[in-house]
Structure formats: C-alpha cells, structure tokens
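Some notes on the structure that comes next.
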Amino acid sequence: MTKLLSMNRRNFLQASAAGALAGAMPGLTGSSAAAQTALTVGFIYVGPKDDYGYNQAHAEGAAVIKALPGVTLVEEENVPETVDVQKTMESMINLDGATLLFPTSFGYFDPHMLAVAAKHPDIQFRHCGGLWQEGKNPANTGSYFGYIFQGQYLNGIAAGHATKSKKIGFVAAKPIPQVLQNINAFLLGARTVDPGITCQVIFTGEWSLAVKEAEATNALVDQGADVITCHVDSPKVVVETAAGRGAFVCGYHANQSPLAPEKYLTGAEWAWGNVYSDFVKKAQAGEKLGNFVRGGLKDGFVKMSALGPAVSAEGRKAFETTQAEMMKGGFSVFKGPLKDNKGDTVVAADKSYAEDAIELESMNYLVEGVVGSTA
C-alpha cells in the first residue's frame, strides 16, 4: 500500500493538471472559517518510519500532531534525496492540500526543498538541520534543530562510568558540524569522569549503510572500545552489533533499549512532538512561523532514554546531577581551555559556549582525545 501511494504521488503531476486540482482542493483558498483552523501537514522521510532512529523519531513527532484538532497528516517514507522528493512535495501540495511541509532529511534542503518553495510562496516549508540562512533563503522556508549534543554529553558521562578500557567508540556518518558536535560532546562528557578516556571515531560516509556500520562497530570493539555510540540514521545495526560483542551502548535519535536491554546505558533522543506541535498550533492560529528554531533539553527539543540496569549508582548520580544543571539553561558543554586533536586551541581559557552559541553551528574540528579525522 505504501509503495502504491508512493508511485501515485511521484507520478501524479505527470498525469494531471496541478493548477486545476489546486483550484478544486478544499482548504487551499483559505476563504472559509474552517480553513483557518483546519491544516494539512506533510511529512517526508528518507527511510522507514520504524528504523529505531532518525526517521522513527520524526514519525513519533508526527503522530503527536496527528492527534491535534483540525490536523490532517500526510506521510511518505523511503523517499530518496533526489528529484523524487520534489515530486512528493508537489503532490502533497496539489493532491492533498498540504500547506505546511516537513521534508525531514538533510539532503532534501538544497536544491529540492528550495526549488519547490520558490514555486509555492504561500506554502510553508521547514527543514530539520542547520542549513537555512537569513537573507539568502526564501521567507517561506526555515530550519529547526535541537542541541542534542547535550544528550551526547550525558551519554558520555554514562560511558565514562561504564568503560574499563578507557576507550569509547563513535560510528559517524559524515563530518558535518552537528555530527562533530556530538562526537566532541560524547568525549567531553566521558572526560568529566576520567580525563584519560579517549574516543575512536570511524566515518562511514553515508547516513544509512548497514554493512559499513557493522564493520565500523566491530573495528572499534577490536581496537578496545567497550562503550559505543553513533550518529547515523538508524542506530539499530550499531547497537545490536556492539551489544553482541559485549560492549555497552548509548543510543541516539530514538529509544533503542529494546534492542539491547542489558547493555543499553542511556540514549540521546529527539522530542519532535513538542516542536511540531508548536509549529502546527502557530500555523492554525495564523501566526508567523519561526525561520530559525532551536532548543535543548530545557526547551523540550531533546530528551534522554531511561538509564539502563548497567549504570552504576555513582554513574546515575553524576548523570542526574548534570542533567538537572542542563535543565536550568546556560550549561556549557564546550568551554576553554580546549584544544582540537591536532593540538591547536579552539576555545580559549576564558571562553565558553552556551548551548545556543551560533559558533557551534559551524564546528569543524574534533577535540583533543578523539582519534580520527574529519577528512
């Protein structure tokens, strides 16, 4: 059924006159009182909605807004980061009457979302990530993201208390700023427990590539890492492979504890339901949507998985104490003196970055103690 719907969407505009359909679609003109509160929202996912990861986290958020009064939810999964996503967006607008779209994957933004947004200035598009730029990108587009590196810092604290080898591992997709933030925060959290802990990182080069993720996880364990986390679309392979090798795991994106209940320490999760609810309620009220929306733990953008049975009493106390500090706001994960893994100073001794520091959006280094390269 999903594949049939997908084919209908992507081929729809080739078989129909979009303008005629748009004129016939209820709710597109905004002329009735009902149209002011009724809202059709489209969500597009690059992978399956049950991937235990990036796509599942967004789908869980979409499920929250589906329950809101007046909301009609339209979803499509497994849409490639190609012209296919443009076809999906066009059909959601013209076939379903969607006026608010969330193309969730990183590669959907440029040129795909921008191209469709230029054709439909009255439709609102919001993209997950840090790519939107004021003055450069259309006013009907924007970005939203969360300071999930705070969650990886807490993951690091749990890892620091669990590691025996003083070697922790990270499987990463690509060395973009958000990924580098997570790698660095993971190690910095662990080093609050023991400054001698190091982190080995392996980049797979792809957001979703199960074979390389398994190979990377095994390589990290072979090199002595006994706690593993990741930043890939679906952590399922990493979690199951690491636990199968006897390593502890910290999750990412969504809750993976069912995959490794005895080895799962905790996890940095998205709380997209809060973010999407705010967007939808503002759209229904006719309010302007934010173009650059950010938040952390205290703002309800991210959350942590429940601590697992392997977390010690000491580890639990350190985790909960730091989490409470983060919930107050203004917590600095990145503070000086801080060097990168090439020995250069990246944060001066008298400098610290709050979670919303704009400088973090362009992070291009790995901190001292991370074994790996951004190249």
- Message: Under the salt bridge (charged side-chain N to carboxylate O under 4.0 Å, His left out) test against K49, which residue among E60, E75, E76 passes?
- Response: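 The passing option is E75.
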Can any side-chain N or O of [X] pair as donor or acceptor with the backbone N or O of [Y] at less than 3.5 Å?
X: T241; Y: V238; value: no
X: K351; Y: K335; value: no
X: N364; Y: P177; value: no
X: T163; Y: A159; value: no
X: T82; Y: D84; value: yes
X: D226; Y: I168; value: no
X: N182; Y: Q178; value: yes
X: Q284; Y: T37; value: yes
X: N55; Y: D51; value: no
X: T141; Y: N137; value: no

Please report the shortest heavy-atom distance between [X] and [Y], naming the atom on each side.
X: T266; Y: S305; result: OG1-O, 2.8 Å
X: A219; Y: I202; result: CB-CD1, 3.9 Å
X: F279; Y: V293; result: CZ-CG2, 3.8 Å
X: R126; Y: A139; result: NH2-O, 4.4 Å
X: H120; Y: N140; result: O-ND2, 3.0 Å
X: A260; Y: V249; result: CB-CG2, 4.3 Å

Would a 4.5 Å heavy-atom cut-off, applied to side chains only, mark [X] and [Y] as touching?
X: L338; Y: T345; value: no
X: T229; Y: N155; value: yes
X: M92; Y: I44; value: yes
X: T198; Y: R191; value: yes
X: I228; Y: F170; value: no
X: N291; Y: S143; value: no
X: V333; Y: Y353; value: no
X: H161; Y: R316; value: no

- Query: Would you find more than 12 non-hydrogen atoms of other residues, nucleotides or ligands less than 6.0 Å from K166 atom NZ?
  - Reply: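 Atom NZ in K166 is not packed in, count stays at 12 or less.
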- Item | Residues, nucleotides or ligands: over 12 heavy atoms within 6.0 Å of E314 CD |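 Incorrect, the count does not exceed 12.
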- Item | Check against side chain to side chain contact (heavy atoms under 4.5 Å, CB included), N184 and L366 | CA-CA 6 Å; N184 292 335; L366 291 169; 3.7 Å; yes
Atom [atom1] of [X] and atom [atom2] of [Y]: how far apart are they, to the nearest 0.5 Å?
X: L114; Y: K136; atom1: CG; atom2: NZ; value: 8.5 Å
X: K298; Y: M326; atom1: NZ; atom2: CE; value: 12.5 Å
X: L188; Y: I183; atom1: CG; atom2: CD1; value: 11.5 Å
X: N341; Y: D344; atom1: CG; atom2: CG; value: 9.5 Å
X: D96; Y: L73; atom1: CG; atom2: CG; value: 10.5 Å
X: I65; Y: N274; atom1: CD1; atom2: CG; value: 12.5 Å

Could you tell me whether [X] and [Y] make a salt bridge, using a distance below 4.0 angstrom between a side-chain N and a carboxylate O?
X: R294; Y: E361; answer: yes
X: K212; Y: E206; answer: no
X: E325; Y: K328; answer: yes

- Task: Show the numbers, then the answer: is there a side chain to side chain contact (heavy atoms under 4.5 Å, CB included) between L259 and Q256?
- Result: CA-CA 6 Å; L259 301 175; Q256 291 97 39; 4.0 Å; yes
- Kindly indicate, with the supporting measurements, whether the criterion ring pair (Phe, Tyr, Trp, His ring centres under 6.0 Å) is fulfilled by F334 and F149. CA-CA 10 Å; F334 300 100; F149 62 82; 5.5 Å; yes
- Would you sort out whether V171 and L220 count as a side chain to side chain contact (heavy atoms under 4.5 Å, CB included), showing the intermediate values? CA-CA 8 Å; V171 179; L220 291 172; 3.6 Å; yes
Same cluster or not: [X] versus [Y], using hydrophobic residues (I, L, V, M, F, W, Y) connected whenever any side-chain heavy atoms lie under 4.5 Å apart?
X: V239; Y: I148; result: no
X: L68; Y: V275; result: yes
X: Y252; Y: I157; result: yes
X: V71; Y: L289; result: yes
X: V116; Y: V46; result: yes

- Step-by-step side-chain hydrogen bond (donor to acceptor under 3.5 Å, both in side chains) determination, N94 to E90: CA-CA 6 Å; N94 293 295; E90 290 281 5; 3.3 Å; yes
- Message: Determine whether E81 and S105 satisfy the following criterion, side-chain hydrogen bond (donor to acceptor under 3.5 Å, both in side chains), listing intermediate values before the conclusion.
- Response: CA-CA 8 Å; E81 294 175 326; S105 188; 2.6 Å; yes
- Matching residue for F43 among F125, F102, Y108 - test: ring pair (Phe, Tyr, Trp, His ring centres under 6.0 Å):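 Of the listed options, the one satisfying the test is F102.
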- Item | Among W272, W132, W270, ring pair (Phe, Tyr, Trp, His ring centres under 6.0 Å) partner for Y144 |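 When ring pair (Phe, Tyr, Trp, His ring centres under 6.0 Å) is applied between Y144 and each of W272, W132, W270, only W272 qualifies.
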- Item | Aromatic plane relationship, Y54 with H253 - under 30° parallel, 30 to 60° tilted, over 60° perpendicular |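 Correct class here is perpendicular.
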- Message: Would F248 and Y264 count as a ring pair (Phe, Tyr, Trp, His ring centres under 6.0 Å) here? Give the steps.
- Response: CA-CA 6 Å; F248 291 109; Y264 195 81; over 10 Å; no
- D222 and R245: CA distance, side-chain angles, deciding distance, side chain to side chain contact (heavy atoms under 4.5 Å, CB included) verdict: CA-CA 9 Å; D222 288 343; R245 292 290 306 276; 2.8 Å; yes
